[in-house]
Amino acid sequence: MRNDLAQQGFALFFLSLWVLFIEMGMAQNTTIPVNVGVVLDFDTSFGKMGLSCIPMALSDFYASHGNYKTRLVLKTRDSRRDVVGAAAAALDLIQNEEVQAIIGPGSSMQANFLIVLGQKAQVPIISFSASSPSLSSLRSQYFIRATLNDSAQVPAIIAIFQAFEWREAVLIYVDNEYGDGIIPYMTDALQGIDVRVTYRSVISPSATDDQIGEELYKLMTMQTRVFIVHMVTPLGSRFFTKADEIGMMEEGYVWILTDGLTDLLSTLDPLVIDSMQGVLGIKPHVPRTKELENFRVRWKRKFQQDHPKDETSELNIFGLWAYDAASALAMAVEKVGATNLSFQKTNISSNSTDLDTIGVSQIGPKLLQSLLSTKFKGLSGDFQIFDGQLHPTAFQIVNVIGKGERGIGFWTPKNGIIRRLKFTNANSNTYSTSKDNLGAIVWPGEPTYFPKGWVLPVNEKKLKIGVPVKDGFSEFVKVTWDPNTNATKVTGYCIDVFDAVMGSLPYAVPYEYIPFGTPDGKPAGNYNDLIYQVFLKKYDAVVGDTTIVANRSNYVDFTLPYTESGVSMIVPIKDNKSKSAWIFLKPLTWDLWVTSACFFVFIGFVIWVLEHRINEDFRGPPSHQVGTIFWFSFSTMVFAQSKFSSLKLTSFAEMMLIFWFFFFYRGENCEQLGSVCDDHMVLCGAHPHSKLHRQLDLNVNRPTAPANRYRHKRAKSER
């Protein structure tokens, strides 16, 4: 009995375990599949990389999240390297497979129609490689750029121009959607730092080597030597191979690559790398982690298993973005759930086209919001969508040296150019564009200095600079002829100034001096004739000691004066100063002396007439009275009032004497004295309140009178 009960208990236990295992298996089989489309070029290395990275991302994701209820099911389509093929593939996926999202396409040209299609069906289009800024103009909220916009690298390239102070650039780009998209942003940014875009070289994707060489020869004839190249392989490989062949990878040239080529340097042929020695490149920085290194090893093994006939390929950042995009989509689908995966069909009429029959995804809006809010740390770094696209954290600046590339620095939006990221102060707000923060750079041709960015072209038209031919003063401009070679040599101060100005320009301006003279070395005309030659376009400019005159300004434009035009001469002078004791008589003429003496006698006589009847001092013998008249008149010049105050004068006589002192003697004599001094340009001492003193602005206490000031004022009034 006990044995039967034991057997029944064991049977019940095993039955319970069997039921539990069945329930667990059924639970595992209750995951909800969600169809997701993939549109890539199957026969390209780029497409093959994406087709291998996306399944690996989903496999790794669900291996670490086995409890998730949703599972992405990939529906792949080949776009056949064609815009129409990509559009047909996407239309088939939406209509027939009812995919809830599409990863792809591989190029910006193919993305245009897919973005419109996704907007209509409310199906998110997630591209990890369509980087053209022009796609943003479509303003479709259902387009998710899981890659960097090409315009994001423009500030990094601008920082390099600021570091080396280049002032000219040539843009070289492929003639398609990818190439055209970045050009407006690059041009505006260069002009913002006063860098002139001298030429835009547009190369067709199907251009032959001869056509590429013809364009390169055209670039070689220009003076600009800084080139920004925006294209992808294989056109970029053929372009640099041809540039090295014709000699444009020599000393003096500067080549800067955008990330389209820099990201693929590891996939280029070694012969192509040899032709790109000294090139600078910009690419997004990918932090090195253990997870990334482990994935590289696994991916390389899987790629060789799936494509054993293909050459060994290297994983680049586009593969990492494909991996992260698939992981982000899996997270977003799990957040939304699988409540309603159907499409709402529209009314179909007999005249409807395939586009009219496209349904609308029911979970599309929710899936879009879930994608925009997804944030995690992926293989390529921090993954988060801002404004429908990834935003850069740092760009690495590399230099092609030897068999590959070598990092020479980084650029970040906050700190500018820096040498190492790990030494960056997180709290620092200093933006630097110093070339000292970059490592050692090997330029094309391996010069010991960094290129200045321009050279003097061989076949460039030279400016014709006219110079005057004259006799006499030759310090400003002097023209001499070599009797043996008949070559002309132009020297002088004006020539030195002009050469210094032209030499300080950040670009080359070829010019030559042409003397305005006859074959025998004589002047061909005056200065008016010389300047008029510019108006006649025989000369491009005139350099010399020319004067700015109103009538000349009607024909030419003058620069601002850089020196005074006056010419001074130093000549010996003879000292004619008299050493006679009667020098004090020089300021006054004999007429003035006689007139003054007569007035002295006259005033004395007037005082005698007024005083001799009532004043005893003016009485006596005639000789005494005459002596008193003369003594009184002349004593007023040398004695103070107190010296002859014993002469008691009447009030009327005193008033007469005061009138003589202040209104006649002082004023008249000083006016006459000032007139005489002015005629003889001689400075004389004067009373501080006299008119002469005020005119000359003299200070009698100063030891030296400002003779030059007086001469200057007088000369100025004469002009």
Item checked: Side-chain touch V297/E293, heavy atoms, less than 4.5 angstrom -> no
Checklist line | Spatial distance of atom OG1 (T258) from atom CD1 (I172) [nearest 0.5 Å] | finding: 11.0 Å
Next item on the list: For residues G364 and P124, report the shortest heavy-atom separation together with the two atoms involved.
Entry: O-CG, 4.5 Å
Item checked: Under the side-chain hydrogen bond (donor to acceptor under 3.5 Å, both in side chains) test, residues paired with N96 that sit two or more places apart -> D92
Next item on the list: Classify the side-chain pair T70/E334 by whether it contains a donor and acceptor separated by less than 3.5 Å.
Entry: yes
Next item on the list: Keeping the roles fixed (side chain from R81, backbone from D41), state whether a donor-acceptor pair exists under 3.5 Å.
Entry: no
Check: What are the two closest heavy atoms between I126 and A325, and how far apart are they?
Finding: CG2-CB, 4.1 Å
Note to self: Tell me whether the count of non-hydrogen atoms from other residues, nucleotides or ligands lying under 6.0 Å of CZ in R80 goes above 12.
What the structure shows: no
Next item on the list: State, with a plain yes or no, whether a side-chain heavy atom of S134 is found less than 4.5 Å away from one of D180.
Entry: no
Margin query: Holding to side-chain contact (heavy atoms from CB on, under 4.5 Å), I want the full list of residues that pass it with S107, two or more places apart in sequence or in another chain.
Written below: M109, Q110
Next item on the list: Take W411 and I418 through the side-chain contact (heavy atoms from CB on, under 4.5 Å) test and state the conclusion after the steps.
Entry: CA-CA 6 Å; W411 178 88; I418 54 179; over 6 Å; no
Next item on the list: Give me the ring orientation class for W321 and F318: parallel if the planes are under 30° apart, tilted from 30 to 60°, perpendicular past 60°.
Entry: perpendicular
Margin query: Show, in sequence, the C-alpha distance, side-chain angles and deciding distance for Y178 and H230, and conclude whether the side-chain contact (heavy atoms from CB on, under 4.5 Å) test is met.
Written below: CA-CA 9 Å; Y178 169 77; H230 181 62; 3.2 Å; yes
Check: Could you give the distance from CG (D259) to CD1 (I317), rounded to the nearest 0.5 Å?
Finding: 8.0 Å
Note to self: Ignoring hydrogens, what is the shortest heavy-atom contact between P55 and L74? Give both atom names and the distance.
What the structure shows: CG-CD1, 4.0 Å
Margin query: So S129 and T147, do their side chains get closer than 4.5 Å, heavy atoms only?
Written below: no
Next item on the list: Keeping the roles fixed (side chain from S108, backbone from S132), state whether a donor-acceptor pair exists under 3.5 Å.
Entry: yes
Next item on the list: Find out whether I363 and V333 are in side-chain contact, i.e. whether some heavy atom of one side chain is under 4.5 Å from a heavy atom of the other.
Entry: no
Item checked: Parallel, tilted or perpendicular: ring planes of F386 versus H391, cut at 30 and 60 degrees -> perpendicular
Notebook entry, point to check: Atom CZ in F46, atom CZ in F128: separation rounded to 0.5 Å?
Noted result: 5.0 Å
Next item on the list: Spell out, as yes or no, whether a donor-acceptor pair under 3.5 Å connects the side chain of Q277 to the backbone of I273.
Entry: yes
Note to self: Would you say the ring centers of W255 and F240 fall short of 6.0 Å from each other?
What the structure shows: yes
Item checked: Exam field: side chain S370 to backbone A332, donor-acceptor pair closer than 3.5 Å -> yes
Notebook entry, point to check: Could you give the distance from CG (L265) to CD (E314), rounded to the nearest 0.5 Å?
Noted result: 12.0 Å
Margin query: One pair to check against side chain to side chain donor-acceptor pair (under 3.5 Å): S434 and S432. What are the steps and the verdict?
Written below: CA-CA 6 Å; S434 173; S432 174; 4.9 Å; no
Check: If you draw a 6.0 Å radius around NZ in K335, do more than 12 non-hydrogen atoms from other residues or ligands fall strictly inside?
Finding: yes
Note to self: Closer than 3.5 angstrom, by distance alone: can the side chain of R71 be matched with the main-chain N or O of L58 as a donor-acceptor pair?
What the structure shows: no
Next item on the list: Keeping the roles fixed (side chain from N399, backbone from I441), state whether a donor-acceptor pair exists under 3.5 Å.
Entry: no
Margin query: Measuring only between side-chain heavy atoms, which start at C-beta, is L320 closer than 4.5 Å to L315?
Written below: yes
Note to self: Using a 3.5 Å distance criterion without hydrogens, assess whether the side chain of S151 forms a donor-acceptor pair with backbone atoms of Y185.
What the structure shows: no
Item checked: Minimum heavy-atom distance between Q396 and G407, given as atom pair plus value -> NE2-CA, 3.7 Å
Next item on the list: Please name the pair of heavy atoms, one in L268 and one in M276, separated by the smallest distance, quoted to 0.1 Å.
Entry: CD1-SD, 3.9 Å
Note to self: Quick one about Q119 and S140 (side-chain donor to acceptor, distance below 3.5 Å, no hydrogens or angles considered), yes or no?
What the structure shows: yes
Note to self: If you apply the rule side-chain contact (heavy atoms from CB on, under 4.5 Å), what do you find for T374 with I385, and how did you get there?
What the structure shows: CA-CA 8 Å; T374 299; I385 302 297; over 6 Å; no
Checklist line | D306 bridged to K48 by N-O distance under 4.0 Å | finding: no
Checklist line | Greater than 12 external heavy atoms within 6.0 Å of D43's CG | finding: yes
Margin query: With rounding to the nearest 0.5 angstrom, report the CD1 to CD1 distance, I144 to I102.
Written below: 13.0 Å
Check: Does T393 reach the side chain of T412, with side-chain heavy atoms less than 4.5 Å apart?
Finding: no
Note to self: Apply side-chain contact (heavy atoms from CB on, under 4.5 Å) to residues K69 and T31 and explain how you reach the verdict.
What the structure shows: CA-CA 5 Å; K69 296 181 179 181; T31 57; 5.7 Å; no
Next item on the list: List the atom of C53, the atom of A322, and the distance in Å for their closest heavy-atom pair.
Entry: CB-CB, 4.4 Å
Notebook entry, point to check: Is E97 salt-bridged to R77, cutoff N-O under 4.0 Å?
Noted result: yes
Notebook entry, point to check: For D150, does its backbone N or O pair with a side-chain atom of Q153 as donor and acceptor, under 3.5 Å?
Noted result: yes
Checklist line | Side-chain (N316) to main-chain (L264) donor-acceptor, under 3.5 angstrom | finding: no
Check: Hey, does the side chain of Q100 reach the backbone of L341 with a donor-acceptor pair shorter than 3.5 angstrom?
Finding: yes
Notebook entry, point to check: Are any non-hydrogen side-chain atoms of S204 and L235 less than 4.5 angstrom apart?
Noted result: no
Item checked: Contact check, side chains of F343 and I94, non-hydrogen atoms, under 4.5 Å -> yes
Note to self: Can you tell me how far apart CD1 (I160) and CD1 (I397) are? Round to the nearest 0.5 Å.
What the structure shows: 4.5 Å
